[in-house]
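Being a predicted model, the structure only gives us computed values, none of them experimental. All heavy atoms count here, side chains included; hydrogens, waters and symmetry mates do not.
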Amino acid sequence: MAQSAPPPYRRITDEIRRRIDTGELAPGNRVPSTRRITQEWGVAMATATKVLTTLRQEGLVRAVPGVGTVVAEPPSPRAAGAAAPRERRPRETDRGLSRESVVRAGVRVADAEGLRALSMRRVAAEFGVSSMALYRHVAGKDELVLLMADAAFAGIELPEPAPDGWRARMEAGARLQWELYRRHPWLAQYLSITRPQPMPRAMALIEWTMARVTGIDPVTLIHMAITLLNHVLATAAGFEDDLEAEQETGLDQNQWMAAMEPVFEGILTSGSYPMYAGISGADEGVVNLESIFEFGLARLLDGMATLIDRQAAGADGVRPSRRGHPEPAPPRRPRRPPPCPS
């Protein structure tokens, strides 16, 4: 009787293992991501996840935050010569599962592989248990990601002493968010301006950021806060985009730009795009996420300084400077009396 073909995940696992054994994939090299596996072999995401889980359980690969799944270093000769312990599949109660440990594992997976690769099955693989074991601690993926986001904000350390001026405080709050999204690239794309998630820790950071703005009505103040937040979020969303693109194509940003250079060269030399052509001789990387964040932050704060100055001058004749400290406002010209009714 003909032997049945091995399941798809096993065939893909064998192929990636072969690449590792032959040195085609060396220690530290990225292995195909779950998305890449689905594209290259035409399988479902669940199958791709099982492939990486199997390789991880065999000790052939490991997850690296901000990079993805890479080939693990081979064991030392001493470790390799040691007698292998008899395998035992621990009970799920042996795994030390808790709400906190599940959330931490979810953050590790999302940091290394992106939010799209996160699933209950993928997180369960970190503990070597079935996905059903996680449902004792979280209701599902939606709740898990919400808890992950809240936990990420819990890691923010506010500076002491806190900046006193309104501008310095808003700038500090924006930079705290920016660094948070650098550490957790998936977070900026998860957060929503139109459908805000209930996260008290995130809300506390925004309150702290805006705490030194005075003399502004509540509606204007919330618009200022959301405008600042949206600038940081929208710019930081590029972190996750770039991570996913690198995992999918195998090219980092510099390599991708180098590959596209001939195409852009033809466009820029056409004479139809003078603004873009104007920076063709500038230093490499002169425009990047960091420069966009810095430029936008400075311009936003400049504009808010004008708004605060006008509000303060209209209220009591004293206005804050651009540094956030009060200074006398110029004298106002007397208003002309309204015309008398005839």
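Put simply, the side chain of His184 never gets that close to the backbone of Leu180: no donor and acceptor are under 3.5 Å apart. Listed for the Gln311 side chain is no donor-acceptor partner under 3.5 Å among the backbone atoms of Asp217. Within the 3.5 Å criterion, the main-chain N or O of Leu97 finds no donor-acceptor partner in the side chain of Ser101. At least one donor-acceptor pair under 3.5 Å links the side chain of Glu240 to the backbone N or O of Leu115.
Between Arg19 and Val71, every side-chain heavy-atom pair lies at or beyond the 4.5 Å cut-off. Looking at Thr220 and Leu307, their side chains come closer than 4.5 Å, going by heavy atoms from C-beta outward. With contacts defined as side-chain heavy-atom distances shorter than 4.5 Å, the pair Ile308/Met224 qualifies. Side-chain contact check for Pro218 versus Leu221: every heavy-atom pair is 4.5 Å or farther apart. Under the 4.5 Å side-chain criterion, counting only non-hydrogen atoms from C-beta, Val70 is not in contact with Val31. Counting heavy atoms from C-beta on, the side chains of Leu52 and Ile37 come closer than 4.5 Å.
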Exercise. Please lay out, stage by stage, how Glu171 and Arg175 fare under the test salt bridge (Lys or Arg N to Asp or Glu O under 4.0 Å).
Key: CA-CA 6 Å; Glu171 181 177 349; Arg175 293 191 185 283; 3.1 Å; yes
Quiz item: For Arg18 and Asp21, what are the C-alpha separation, side-chain angles and deciding distance, and is it a salt bridge (Lys or Arg N to Asp or Glu O under 4.0 Å)?
Solution: CA-CA 5 Å; Arg18 182 196 67 76; Asp21 291 342; over 6 Å; no
Practice problem: Check the pair Asp111 / Arg108 against salt bridge (Lys or Arg N to Asp or Glu O under 4.0 Å), numbers first and verdict last. | Solution: CA-CA 5 Å; Asp111 286 351; Arg108 287 196 304 272; over 6 Å; no
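The pair Glu290-Arg182 counts as a salt bridge, with a side-chain nitrogen and a carboxylate oxygen less than 4.0 angstrom apart.
A salt bridge (charged side-chain N to carboxylate O under 4.0 Å, His left out) check over residues 188-212, counting only residues at least two apart or in different chains, returns the pairs Asp150-Arg201, Asp164-Arg212.
The two residues Leu134 and Met120 make their nearest non-hydrogen contact at CD1-O, 3.2 Å.
Under the ring pair (Phe, Tyr, Trp, His ring centres under 6.0 Å) rule, Phe239 has a single partner from Tyr181, Trp178, Phe293, which is Trp178. The one candidate from Arg30, Arg62, Arg56 that meets the side chain to side chain contact (heavy atoms under 4.5 Å, CB included) condition with Thr69 is Arg56.
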